[in-house]
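Counting starts at 1 for both ligands and their atoms, in listed order. Only this structure's heavy atoms are used, side chains among them; waters, hydrogens and symmetry mates stay out.
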Amino acid sequence: MGRAFVYVILGGGVAAGYAALEFTKKGVSHGELCIISEETVAPYERPALSKGFLLPEAPARLPAFHTCVGANEERLTPKWYKEHGIELILGTRVKSADVRRKTLLTAAGETISYKFLIIATGARALKLEEFGVSGSDAENVCYLRDLADATRLVDVMQTSTGGNAVVIGGGYIGMEVAASLVINKINVSMVFPEPHCMGRLFTPKIASYYEDFYKSKGVNFVKGTVLSSFVFNPDGKVTGVNLKDGSNLPADLVVVGIGIRPNTSLFEGQLTLEKGGIKVNSRLQTSNTSVYAVGDVASFPVKIFGESRRLEHVDAARKSARHAVTAIMEPDTTPEFDYLPFFYSRVFSFSWQFYGDNVGETVYFGDFSGPSFGAYWVHKGHLIGSFLEGGSKEEYEAIAKVTRLKPAIDDLSELERQGLGFVVAL
Ligand code: FAD
Ligand code: NAD
Ligand code: ISD
């Protein structure tokens, strides 16, 4: 059995939703496009899962956060897909792909053929087993990648009020979930190997601002070590964790956020890979001209850095998806994808944005004991990265605009003196 489509989006996450919206804007006909997703729900804004979804009061629930509400665009409910003649093939895992024949084979045994394929398979959470620790399938050990994970986390959280949680990992998931656990009145210990949180982005000074606040909320940071094993009760529930430094922590709940691995396996040996992702050109086109890759799974040329990167952030997923659709539908007029990396987070009442790259010398500005502060990164005489906590919409727009311009910086102390005034004035 089989079906044929002109356009197939493989994966039903953030990028898929934004690609679908773009296809309708470009005039796709009924019956030409399908989305195949292992998830059982239509594409949604994944960032909500570690924020609004975990709130104790009035938590975000579908259908409220289907794409594309995160970019203040239309909310694409299952009804919307139906009205637009887009087939949503949900709860369906693709188990193999043949890019030469232009076919995908689902786990249910259906062959789906395409003229153009957009790979939007995203990534999966790394498991502790990959680091030699077993037992992460216990009922109170949670990962957080999709709606099913988030639903399970909420269930475990609700039975752990007043108890102890151990958060493994000090990155995005670790920081956002730890804040949510505190808001849910759960005592939190965070365990990670680096000397400070958000090691991939924050400097020690920026990290200590947030860590100090978390500590004031009772969070216990255990740094420079990792988990070595779990302690179980006779029912197979985790009651504690043993750490490599010899210490141990009690646990009613464990949340693991130790990074991701892009879902490339269907295409290994068929498409060129790079930096752990599927290599694409500035049209988001892979080494096979009928196949495009977008979002977390794609390694694409970031023009302002002059090199390819794989970015694990929602803005890149949204914009790369839209660009790929434009490149497919308007091949002769689509410019190169020229993307300015943008990361953000919201925890407690904090909200920060970062644009560009965090290499070179750091120049801080603002009041690190107050609600708003920031940093610039200056590399080879140019401002190439900007971070701002507690900014206004206009200020965030200003740091983005100036970072894209990569202005020459002759005098770091003058930049420090001007602080946010530097970008606001330009
Ligand atoms: P995904 O959204 O992961 O979608 C991939 C889809 O492909 C899934 O539906 C999956 O089931 C499907 N799939 C994979 N393999 C198959 C297969 N073989 N067959 C069928 N379907 C398949 N980024 C930010 O910038 N800001 C944030 O605040 C933020 N918060 C986040 C919070 C959480 C909890 C998580 C997990 C991520 C967060 N991110 C955030 C990252 C952001 O969500 C991702 O960058 C984004 O979702 C990537 O979109 P994508 O479409 O490439 O992949
Ligand atoms: P991450 O890469 O942000 O952080 C991983 C953390 O785990 C790091 O602190 C790392 O040192 C630590 N770690 C690695 N191995 C470990 C081990 N064996 N034991 C203990 N700690 C270990 O990844 P994440 O936090 O898992 O997030 C997953 C994905 O979700 C990422 O792609 C991230 O970008 C995305 N996400 C983004 C946001 C956002 O942009 N606001 C929010 C949530 C999730
Ligand atoms: O970008 C985002 C984000 O951080 C969310 O929480 O999209 C979601 C939506 O705003 C949720 O409605």
Going by atom types alone, do [X] and [Y] pair a side-chain donor with an acceptor below 3.5 Å?
| X | Y | value |
| --- | --- | --- |
| Asn242 | Ser228 | no |
| Ser386 | Thr403 | yes |
| Ser369 | Asp367 | yes |

Looking only at N/O atoms, are [X] and ligand 2 under 3.5 Å apart anywhere?
| X | answer |
| --- | --- |
| Ser50 | no |
| Thr225 | no |
| Gly170 | yes |

Part of [X] within contact of ligand 2 (heavy atoms, under 4.0 Å):
| X | answer |
| --- | --- |
| Tyr344 | backbone |
| Ile260 | side chain |
| Tyr172 | both |
| Met198 | neither |

My understanding is that we take every heavy atom of each candidate and find the minimum distance to [atom]. Doing that for [options], which one comes out nearest?
| atom | options | result |
| --- | --- | --- |
| atom 51 (O) of ligand 1 | Ala15, Ser50, Gly12 | Ala15 |
| atom 38 (C) of ligand 1 | Ser96, Gly17, Pro47, Gly257 | Pro47 |
| atom 27 (C) of ligand 1 | Arg346, Lys51, Arg93 | Lys51 |
| atom 5 (C) of ligand 1 | Gly91, Ser320, Ala317, Ala120 | Ala120 |
| atom 47 (O) of ligand 1 | Leu104, Val14, Ile89 | Val14 |
| atom 7 (O) of ligand 1 | Gly11, Ala123, Ala42 | Gly11 |

**Message:** Show me which atoms of ligand 1 lie under 4.0 Å from any heavy atom of Glu312.
**Reply:** 41 (C), 45 (O)
**Request:** Enumerate the atoms of ligand 2 whose separation from the nearest heavy atom of Arg200 is less than 4.0 angstrom.
**Result:** 1 (P), 2 (O), 3 (O)
**Asked** Which of the atoms of ligand 2 are close to His313, meaning less than 4.0 Å from one of its heavy atoms?
**Response** 34 (O), 40 (O)
**Request:** Let me know which of Arg145, Arg200, Lys275, Arg261 forms a salt bridge (Lys or Arg N to Asp or Glu O under 4.0 Å) with Glu312.
**Result:** Arg200
**Item:** ring-ring contact (aromatic ring centres under 6.0 Å, His included) partners for Phe373, two or more places apart
**Value:** Tyr209, Phe368
**Asked** What do the steps show when you test Tyr143 against Ser136 for side chain to side chain donor-acceptor pair (under 3.5 Å), and what is the final call?
**Response** CA-CA 9 Å; Tyr143 289 82; Ser136 74; 2.9 Å; yes
Check whether any N or O atom of [X], backbone or side chain, sits under 3.5 Å from an N or O atom of ligand 1, and answer yes or no.
| X | result |
| --- | --- |
| Leu10 | no |
| His313 | yes |
| Asp296 | yes |
| Val94 | yes |

**Request:** Give the ring-plane orientation class for Tyr172 versus Trp352, where under 30° counts as parallel, over 60° as perpendicular and anything between as tilted.
**Result:** tilted
**Prompt:** Which part of Leu144 is near ligand 1, with near meaning a heavy atom under 4.0 Å away: side chain, backbone, both or neither?
**Reply:** both
**Proximity of Asp146 to ligand 1 by residue part, where a heavy atom lies under 4.0 Å** = neither
**Message:** I'd like to know if Arg318 and Glu73 make a salt bridge, using a cut-off of under 4.0 Å between side-chain N and carboxylate O.
**Reply:** no
**Asked** Taking NZ, NE, NH1 and NH2 as the nitrogens, is one of them in Glu22 or Lys26 under 4.0 Å from a carboxylate oxygen of the other?
**Response** yes
**Prompt:** Any donor-acceptor pair under 3.5 Å linking the side chain of His323 with the backbone of Leu284?
**Reply:** no
**Request:** For a side chain to side chain contact (heavy atoms under 4.5 Å, CB included) with Cys142, tell me which candidate from Asp149, Leu253, Val256 qualifies.
**Result:** Leu253
**Prompt:** For ligand 1, is Ser345 a contact, meaning one of its heavy atoms is under 4.0 Å away?
**Reply:** no
**Request:** State if Phe343 counts as touching ligand 1 under the rule of any non-hydrogen atom under 4.0 Å.
**Result:** no
**Message:** Within 45 degrees of the ring normal and closer than 6.0 Å to the centroid, is that where the cationic atom of Lys319 sits relative to Phe337?
**Reply:** no
**Request:** List for me each residue that meets side chain to side chain contact (heavy atoms under 4.5 Å, CB included) alongside Lys115, sequence neighbours excluded, and say none if there are none.
**Result:** Val6
